[in-house]
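Data block below; observations after.
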2 protein chains.
Amino acid sequence: MKETLTSISERIGVSPATISRIVNGKADKYRISKETVDKVMAEVNRCKYTPSLLARSLRTNKTSTIGLLLPSAANPFFSHIAESIIKDAYAKGYITITLDNMENEAVQRACLSIMISRKVDGIIAAPCGNDPTPFEEINRTTTPIVLVDRYFEESTLSHVTSNNYKGAFEATSFLIQNGHRHIACIQGDTQSMPNKRRVNGFLAALKESGEEHKAVVAGDAFSVQNGYLETKLILNMNPRPTAIFALSYTILLGVIKAVQDSGLHIPDDISVISFDENISLDYMTPPITRVSQPVEEMGKLASKLLFSSIENNTRKTNKLELVTTIKAGQSIRHI
Amino acid sequence: MKETLTSISERIGVSPATISRIVNGKADKYRISKETVDKVMAEVNRCKYTPSLLARSLRTNKTSTIGLLLPSAANPFFSHIAESIIKDAYAKGYITITLDNMENEAVQRACLSIMISRKVDGIIAAPCGNDPTPFEEINRTTTPIVLVDRYFEESTLSHVTSNNYKGAFEATSFLIQNGHRHIACIQGDTQSMPNKRRVNGFLAALKESGEEHKAVVAGDAFSVQNGYLETKLILNMNPRPTAIFALSYTILLGVIKAVQDSGLHIPDDISVISFDENISLDYMTPPITRVSQPVEEMGKLASKLLFSSIENNTRKTNKLELVTTIKAGQSIRHI
DNA sequence: TGAGACTGTGCAATCGTTTGTTCAAATTTA
DNA sequence: TAAATTTGAACAAACGATTGCACAGTCTCA
């Protein structure tokens, strides 16, 4: 029924040690005779023995497991990152345990603690909140951590993110080039670094343009509802901004809905640009111009950094910013 | 540095056994004195001891881990299921290891084998291919398995799916009610049960309507590309079908793109209805009418079945079909 | 022919928990 | 006061793998 080294050992009269060596491909190294190898392999295959990774991990102090901590596995942005990391890990012989911090720092601490007690070999996280302490402590004393997308200011933790500042700067410049001077920016979680950087990029582009301008920054969450409510308010302003910059896909959806509900049209009545790539943006009417982040590369680089840290047992701090690109739709009017 | 029961034991002079009992809240049951409990708890908190789940699992033969096997973690349909399962598992004190079968049966077998060697307590899978054997064997001998969305015909495995037949039947009836008689259905993976049932529902609705009709069934994959190519062919038919039924969100995206590229319009030139819920469908022009599946409930029920199987150590076969609902958009013309 | 080297394998400790059993001391009962 | 019971906690054996070390037998060489 449940096969172990010992059960096989008793059955074929070869010690567990020898079987272990053969199963792990160390037969040559330990000069085990071909006869023995054949006998063992025959039985191992016959009874479909699979070693207990639990026991192995306990002994070797290596679980071949990484922890992935995300704000929401259902968010398309994070689920793409997750898939790319899960696949990379699989290819390296690692499995991934995914936990959801639910945008809650207490849950997040609990998740980290679970990962530690599971002895993961490394952690990739898109943290919530702005307290790096638990992450830094774990990274320093226990397990390497790489942050992805979200990160902390002035921290020793490695991270991979996109160039949020530049992306927002370029998006805003694009609006300015199209004659927009009165622009509203609807932001997400105000604590998160990507959000801060995007807002800074937005403001800097307007300021540096030299043109006279009016900037509006509103909102406080990466959610459809936030996008909807803030847009409702923005559309009622007098004078009304000529363009809205939504700092995430979810916010954008709220923007679109509010514009539609107000009987207005994009881009005739108001221009729109968004952060985040999503395939459906090409299918909207009009297609939405957006700042596209290289999501898959972010995942791949994060796992690359993490595995390098695991395999060399180092803690070199790497802060990577990947370039964003503007994907043009038809949601911006030239005025 | 690395705290264990033994290290604490040596430091405070209380046996590992007693510490273990206290940490696990069994102090009362074993009548351990308040003094000892206090002393132990003080030290446990001071040095932030967390038990090794590896060692515990090895001893107790329970990992508090479930395996989640999906065709693609990035697919919004599956990522929603994943999130709902991950959260449920977390609430029950379980963690989830997610693996991606990449729609490949060899990879799928490898994933199952990994889960077994990791001694997961249960598995939730949306399998690819149509060979139930590995799943049935594992479910019978080793670890309970519940299938979600995808399942096998005539199998003893439990599954949770939506009422694909009825959903497709209703969608088709809806088209018929709107005067459509010549309808094309673009299917996904032809082996998968949900796809088969949807196609059957589609054909049955047309047949049972009693009207004279013309049915077209095309396609072979749940992908944007498949939707695009088949739509291109369909649009060139003479006479051209008046409606297209896309059997998934991804297929739908391909349909829309092909219609747009052909300079045609939904619903004036061709009506469209789709399977799968996705928030972006409400944001398209026109909003797309679709058969909405209760994704979150599917995840919740699957984990409910699995946990009941784990906790009672039973293998009762449950085959659940959840109702779908038609969410009306404006993508169907009345003719 | 005896010392050393090589071959092939087994022994036993270890990883960090949990848990059935044991046992001394304290307390109660007769 | 001796016997019986209760209290409180330690001992030691698992769980299933890995791995340093030991060792018996064979071979090589002087």
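Lettering follows sequence order; numbering is per chain, from 1.
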Take atom [atom1] of [X] and atom [atom2] of [N], then tell me their distance rounded to the nearest Å.
{"X": "A:Lys62", "N": "D:dT19", "atom1": "NZ", "atom2": "P", "value": "13 Å"}
{"X": "A:Ile116", "N": "C:dG16", "atom1": "CD1", "atom2": "P", "value": "15 Å"}
{"X": "B:Leu53", "N": "C:dT17", "atom1": "CG", "atom2": "C1'", "value": "10 Å"}
{"X": "B:Asn61", "N": "D:dG16", "atom1": "CG", "atom2": "C1'", "value": "11 Å"}
{"X": "B:Glu3", "N": "C:dC15", "atom1": "CD", "atom2": "P", "value": "14 Å"}
{"X": "B:Lys29", "N": "D:dT7", "atom1": "NZ", "atom2": "C1'", "value": "17 Å"}
{"X": "A:Tyr30", "N": "D:dT18", "atom1": "OH", "atom2": "P", "value": "11 Å"}
{"X": "B:Ile19", "N": "D:dA10", "atom1": "CD1", "atom2": "P", "value": "8 Å"}

Nearest-0.5 Å distance that lies between atom CZ in A:Phe135 and atom CD1 in A:Ile145: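 Rounded to the nearest 0.5 Å, the CZ-CD1 separation comes to 6.0 Å.
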[X], nearest nucleotide to its side chain (from [options]):
{"X": "A:Ser33", "options": "C:dG8, D:dA10, C:dT17", "answer": "C:dG8"}
{"X": "A:Ile32", "options": "C:dT19, C:dT9, D:dA9", "answer": "C:dT9"}
{"X": "B:Thr4", "options": "D:dT19, D:dA10, C:dG16", "answer": "C:dG16"}
{"X": "B:Arg31", "options": "D:dA9, C:dG10, D:dG8", "answer": "D:dG8"}
{"X": "B:Arg21", "options": "C:dT17, C:dT21, D:dA17", "answer": "C:dT21"}
{"X": "A:Ala17", "options": "D:dA17, C:dT9, C:dC11", "answer": "C:dC11"}

[X]/[Y] ion pair, N-O < 4.0 Å:
{"X": "B:Lys48", "Y": "A:Glu137", "value": "yes"}
{"X": "B:Glu311", "Y": "B:Lys92", "value": "yes"}
{"X": "A:Lys319", "Y": "A:Glu153", "value": "no"}

So, does [X] get its side chain near the phosphate of [N], meaning an N or O under 4.0 Å from OP1 or OP2?
{"X": "A:Ser20", "N": "D:dT18", "answer": "yes"}
{"X": "A:Thr36", "N": "C:dT9", "answer": "yes"}
{"X": "A:Arg56", "N": "D:dT18", "answer": "yes"}
{"X": "A:Ser52", "N": "D:dG16", "answer": "no"}
{"X": "B:Lys26", "N": "C:dT19", "answer": "yes"}
{"X": "B:Ser15", "N": "D:dC11", "answer": "no"}

query: When you match A:Leu5 and B:Glu35 each to their closest nucleotide on DNA chain D, which lands nearer the 5' end?
result: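 Here B:Glu35 is the residue nearer the 5' end.
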task: Name all residues meeting the ring-ring contact (aromatic ring centres under 6.0 Å, His included) criterion together with B:Phe307; count only those two or more places apart in sequence or in a different chain, and write none if there are none.
output: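 For B:Phe307, the residues satisfying ring-ring contact (aromatic ring centres under 6.0 Å, His included) (neighbours in sequence not counted) are B:Tyr94.
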- prompt: Do side-chain atoms of A:Gln108 reach the backbone of A:Cys128 as a donor and acceptor pair under 3.5 angstrom?
  reply: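 Yes, the answer is positive, given that a donor and an acceptor are paired below the 3.5 Å cut-off.
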